[in-house]
Amino acid sequence: MLFRFLRAAPSRLVPLYMLILLIGTVGCDSAETMDPEDDTGRVVEGVDLDLLFASPAAAELDGIQADWATRDVSARDVRIDSSFAISLGGTPGTAQVLSHVVDGARHYGLLLLPDARPPEGVPSIVLTHGGDEGVGLNEPLSADAAGRDALTLITLGLDQFWPDFAYIVPSFRAEPLVVGGRVWLSEGDASPWDRDVDDALALVNAALETAPGLDPTRIGALGYSRGGTVALLMAIRDPRIVRLSAFFGPTDFLFGSSREFVADALRGNVADLPGLDVLNEDIIVPLRAGTLPLAEARLALIRRSPVYFADRLPEVQVHHGQADTVVPVEQTERLSAIMAGLARTPPAYEAFLYNGGGHSPLTMPQSTQRSGLFLSALLTVPSAPAFD
């Protein structure tokens, strides 16, 4: 079965607030035929898959981390493009459409703030969405018939906003942010799982610069599918992300059925799946044409793979359905094996696998409650060090 990276979970019919997690279906289960260049199937369209998917060398990992260190994710040319009152968990709050410049392009995101901010500051959760349809906030702002809060978060990890947190919600480059029918389009070329992280980290810096009262020592992340991978990579690259919960995200683009997907794509059989079209255009097509060296293609896959940098992860909780046909559960099992090798046990690392669960938390009983309890630790203010 091909590695089907992403697909949005079915959403509940909540009429007001929605982070969009729409993604296409795959439908690519045809049997693979051997390439005429090599009847072992190792070489496909001139590309040696054994070399492409070999385990990373230390020099490759060092080079990627050196590249990350050069990326500028500072807050640049920050603007508040829109601001209005909202309700967060039944308490007064403010929504701001923030924009800033990253990689020379203007990027948009959403900042949701409780109006009451205690002297010790407010912890933040970065919400990273799946798919590539962008993210949005719908209006009007009123409670639904069930009495649920006007802004109800249905993106997997939360049933509704917790009033004691701020929320930082990035779109990713080349995607829309939709608020009340108005559209802000983030500039730049799409770069799933890679420059997504730059966008999200730069938005965190813009939020910290703009909003007084955010505690920079208590930042968490909550991500789903594509966004689950982004949340892991954010925490690897920025130690300010101290705790995260990730749902069914890819963790290793060199592992398992990834090879079969690439083999099919090299033959021109690419699934119509957001995210993968960009990888095909930027990596697979030029690799097949000989215009992208295999060494560079490897780096592009490795830097999207959190498992190779797992020793830099903070406290992590992951969730995955064992019947997920979009992102196979092997991806979370792979991360769990790596974390076990690092002697990471609860609460430093927790993995929950759900028998019969698919690519939706609605098929994974207790997953949202576990995620909420795990992230609630961010509400505790670290004690000041004691001095004799």
Side-chain angles (χ1 to χ4, degrees), residues 3 5-6 53-58 60-62 64-65 68 125-126 128 130 156-157 193-194 196-197 200-201 218-259 301-324 326-355 357 359 361 364 366-378:
F3 178 18
F5 296 100
L6 301 175
F53 290 101
S55 297
E60 291 176 307
L61 301 179
D62 290 344
I64 288 171
Q65 292 177 85
W68 285 342
I125 297 177
V126 186
T128 49
L156 317 185
W193 305 286
D194 182 16
D196 290 352
V197 183
L201 291 177
R218 291 185 290 155
I219 303 175
L222 177 61
Y224 329 100
S225 199
R226 169 186 178 181
T229 307
V230 172
L232 290 164
L233 290 169
M234 285 179 65
I236 286 166
R237 289 178 50 183
D238 193 329
R240 294 175 303 175
I241 311 297
V242 296
R243 180 169 279 239
L244 70 95
S245 179
F247 283 72
F248 39 72
T251 67
D252 188 351
F253 283 81
L254 298 184
F255 179 72
S257 49
S258 304
R259 175 171 173 144
L301 297 176
I302 295 167
R303 66 173 170 258
R304 290 169 163 85
S305 303
V307 297
Y308 300 112
F309 313 94
D311 60 333
R312 298 176 61 172
L313 283 169
E315 294 184 334
V316 176
Q317 184 186 85
V318 292
H319 304 268
H320 213 128
Q322 292 181 316
D324 193 330
V326 182
V327 179
V329 71
E330 68 179 14
Q331 290 291 306
T332 288
E333 292 172 337
R334 169 72 168 147
L335 177 61
S336 294
I338 295 295
M339 297 299 268
L342 296 171
R344 296 285 294 275
T345 57
Y349 177 76
E350 295 179 306
F352 294 95
L353 305 183
Y354 299 84
N355 184 32
H359 201 67
M364 296 152 54
Q366 302 301 311
S367 62
T368 60
Q369 292 88 338
R370 286 169 174 154
S371 179
L373 182 62
F374 183 77
L375 291 173
S376 69
L378 293 167

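Numbering starts at 1 and runs along the sequence shown.
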Once rounded to the nearest 0.5 Å, what's the spacing between atom [atom1] of [X] and atom [atom2] of [Y]?
X    : Y    : atom1 : atom2 : answer
F247 : D324 : CZ    : CG    : 12.5 Å
M339 : T332 : CE    : OG1   : 11.5 Å
D196 : T229 : CG    : OG1   : 9.5 Å
L232 : R312 : CG    : CZ    : 13.5 Å
F248 : M364 : CZ    : CE    : 5.5 Å
L222 : T368 : CG    : OG1   : 10.5 Å

E315: salt bridge (Lys or Arg N to Asp or Glu O under 4.0 Å) partners, not counting sequence neighbours: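 In terms of salt bridge (Lys or Arg N to Asp or Glu O under 4.0 Å), with neighbours along the sequence ignored, E315 is linked to R243.
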By salt bridge (Lys or Arg N to Asp or Glu O under 4.0 Å) - contacts of D194 (at least two apart):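 R71, R303.
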Quick check: do F352 and S367 have side-chain heavy atoms less than 4.5 Å from each other?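 They are not in contact (no side-chain heavy atoms under 4.5 Å apart), so the answer is no.
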Would the distance check show the side chain of Q331 and the main-chain N or O of T251 forming a donor-acceptor pair, the cut-off being under 3.5 Å?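 Yes, the answer is positive, given that a donor and an acceptor are paired below the 3.5 Å cut-off.
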Look only at the side chain of R218 and the backbone of V242, and say whether a donor-acceptor pair between them is shorter than 3.5 Å.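 Checked: no pair found.
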Which atom names give the shortest non-hydrogen contact between [X] and [Y], and what distance separates them?
X    : Y    : value
A221 : I241 : CB-CG2, 4.1 Å
G223 : T128 : CA-OG1, 3.1 Å
S258 : F53  : O-CZ, 4.0 Å
S225 : G130 : CB-CA, 4.4 Å
L335 : V307 : CA-CG1, 4.0 Å
V318 : V316 : CG1-CG1, 3.8 Å

For W68 and V197, what are the C-alpha separation, side-chain angles and deciding distance, and is it a side chain to side chain contact (heavy atoms under 4.5 Å, CB included)? CA-CA 10 Å; W68 285 342; V197 183; over 6 Å; no
Checking S305 now: which residues fulfil side-chain hydrogen bond (donor to acceptor under 3.5 Å, both in side chains) with it, not counting sequence neighbours?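 S305: no side-chain hydrogen bond (donor to acceptor under 3.5 Å, both in side chains) contacts found.
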All side-chain hydrogen bond (donor to acceptor under 3.5 Å, both in side chains) counterparts of Y354, not counting sequence neighbours: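 Result, side-chain hydrogen bond (donor to acceptor under 3.5 Å, both in side chains) vs Y354: H319, R370.
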Can you see whether F255 has R334 sitting over its ring - NZ or CZ less than 6.0 Å from the centre and within 45° of the normal?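 Here R334 passes the 6.0 Å and 45° test against F255.
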Using the test ring-ring contact (aromatic ring centres under 6.0 Å, His included), find all partners of Y308 that sit at least two apart in sequence or belong to another chain.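 By the ring-ring contact (aromatic ring centres under 6.0 Å, His included) rule, Y308 matches no residue at all.
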Just to verify, what does E60 make a side chain to side chain contact (heavy atoms under 4.5 Å, CB included) with, not counting sequence neighbours?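 P56, A57, R298, L299, I302.
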